[in-house]
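In what follows, a structure is listed as structure tokens, so that the remarks can point back to it.
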Number of protein chains: 2
Amino acid sequence: MDSAQELIQTRGFSAMSFQDIAVMVGIKKPSIIHHFPSKTDLGRAVIARYHDLFKSALVHVQEDPEKTPWDALEFYFTPYLDFGDAGNKVCLCGALAGEFMELGETMQHEVQSFFIWHEQWLERILEAGHAAGHFKLNKHTSQFARTLLSALQGALLLKRVTRDPKQLEDVMQTIRELIAPS
Amino acid sequence: MDSAQELIQTRGFSAMSFQDIAVMVGIKKPSIIHHFPSKTDLGRAVIARYHDLFKSALVHVQEDPEKTPWDALEFYFTPYLDFGDAGNKVCLCGALAGEFMELGETMQHEVQSFFIWHEQWLERILEAGHAAGHFKLNKHTSQFARTLLSALQGALLLKRVTRDPKQLEDVMQTIRELIAPS
DNA sequence: GTCTATACAAAGATAGAC
DNA sequence: GTCTATCTTTGTATAGAC
């Protein structure tokens with residue numbers, strides 16, 4: 001599943017094959033298929049695991065009374081920075097979004113859940129920060145949350161294309177300045 | 001080329017095949033290959049045409065003395081809205097960005113040129129609007145330009161996943177409010 | 001769980017007739 | 001420019017031995 005995820009994040013789901021994974025893991029192709037009878041099964045399992053990993057980490061930081069909304073936001077930034085640093089990866093679901101119509105219904109639903117959950121988490125963090133006076137926001141927190149998510153996903157994709165390491169940091173700094181109280 | 005572009009925008013480059021195009025156009029597979037000897041040749045031609053189309057339209061609106069920077073920005077929004085409306089398409093180069101490492105060097109370079117050019121066009125529009133007092137911006141126009149581009153590309157991808165037609169409009173409205181002079 | 005062997009379909013690409 | 005026919009490789013997937 002690690003290998004599958006890495007392949008999707010770098011080359012995309014369509015381009016990933018059981019053979020690629022078999023070579024990376026060091027076993028033969030049918031041995032992979034024994035665990036995941038179809039490519040869709042594998043894809044669904046990888047997305048579900050990815051979603052759960054993010055979910056538990058983000059819920060954890062959200063519920064930690066020691067962490068401010070600023071801490072939560074910076075924590076949210078870290079995986080984007082890590083993907084950008086380590087080997088030209090993008091967000092798993094960002095890659096899958098580009099070939100969305102090619103995915104089966106089950107995988108489409110997994111990707112959809114991932115992004116809807118993210119949007120809601122970001123909205124709650126922004127609301128909390130606004131209420132506590134940490135962020136300066138207008139009333140449209142949900143619109144700003146989805147703008148923020150869109151900008152980060154887009155920046156990660158563009159970073160790999162333009163090869164400009166500042167791409168992500170520029171977007172994050174812009175976001176910080178937009179919500180920092182003057 | 002129209003069919004190829006549509007297939008890439010909906011299902012991705014890896015998933016697109018000569019056979020798919022042949023069926024859409026109504027001729028046989030080798031007839032397509034006669035015009036584009038390899039899949040990379042076809043991909044490169046499609047990107048180049050797409051890039052030129054955007055370039056001429058954007059340069060035209062930029063040089064039109066009747067158009068304000070606001071007009072230019074709204075004009076820039078229209079293709080994103082059109083893609084979102086017509087058949088679950090995303091930006092051609094946004095789709096290609098998700099499977100970037102799978103593309104050959106020539107195609108990678110075409111995609112890179114597209115986005116670098118876009119960033120520069122947006123930056124010039126923002127600069128012009130700022131100088132003329134139409135936009136309220138801090139000094140970091142280039143960072144804001146790439147945030148804007150990232151957000152729009154991301155929003156188009158997310159719109160197809162979340163199936164929320166407001167996704168794009170929310171992001172655009174957020175952008176308008178961020179740069180509108182108070 | 002892993003393997004060999006194999007089936008079957010689809011991919012990109014070429015040759016050569018019309 | 002388009003076609004039929006073909007080549008070669010690669011893909012997902014299955015059967016069955018170990």
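Note that the structure is predicted; figures quoted are calculated from it, not measured. Reminder, nothing fancy here: chain letters follow the sequence lines and each chain counts from 1.
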D:dG1 phosphate, OP1 or OP2: any side-chain N/O from B:Ser31 under 4.0 angstrom? no
B:Ile27 side chain, from C-beta outward: closest of C:dT2, D:dT2, C:dA13: D:dT2
Which nucleotide, C:dG12, C:dT2, D:dT2, lies nearest any side-chain atom of A:His35? C:dT2
Between D:dT6 atom P and B:Lys29 atom NZ, what is the distance in whole Å? 14 Å
Using a heavy-atom cut-off of under 4.0 Å over every strand shown, decide if A:Pro30 touches base, sugar-phosphate, or nothing. base
Closest to side chain of B:Phe18, choosing from C:dT2, C:dA13, D:dC3: C:dA13
Are B:Glu6 and B:Arg11 ion-paired here, with the side-chain N under 4.0 Å from a carboxylate O? no
Cationic N near anionic O, under 4.0 Å, B:Arg176 to B:Glu169: yes
Spacing between A:His34 atom NE2 and D:dA15 atom C1', to the nearest angstrom: 13 Å
With a 4.0 Å cut-off on heavy atoms, is B:Ser17 in touch with a base, just the backbone sugar-phosphate, or nothing at all? sugar-phosphate
Rounded to whole angstrom units, what separation is found between the CZ atom of A:Phe36 and the C1' atom of D:dA13? 16 Å
Using whole Å, what does the distance between atom C1' of nucleotide C:dA11 and atom CD1 of B:Ile32 come to? 15 Å
I need the NZ-P distance between A:Lys28 and C:dC3, as an integer number of Å. 7 Å
In whole angstrom, give the distance that lies between atom CD of B:Gln19 and atom C1' of D:dC3. 14 Å
Candidate nucleotides C:dG12, D:dA13, D:dC3, ranked by approach to the side chain of A:Lys39 - the nearest: D:dA13
Between the side chains of A:Asp20 and A:Lys29, is the shortest nitrogen-to-carboxylate-oxygen separation below 4.0 Å, so that they form an ion pair? no
Please determine whether residues A:Leu53 and A:Val46 belong to a single hydrophobic cluster, defined as Ile, Leu, Val, Met, Phe, Trp and Tyr linked transitively by side-chain heavy-atom distances below 4.5 Å. no
Are A:Glu123 and A:Arg146 within salt-bridge range, i.e. N to O under 4.0 Å? no
Atom CG of A:Asp20 to atom P of D:dT10: distance rounded to whole Å? 11 Å
Base, sugar-phosphate, or nothing for A:Ile33, non-hydrogen atoms under 4.0 angstrom? base
Rounded to whole Å, please give me the gap between CE in A:Met16 and C1' in D:dT12. 11 Å
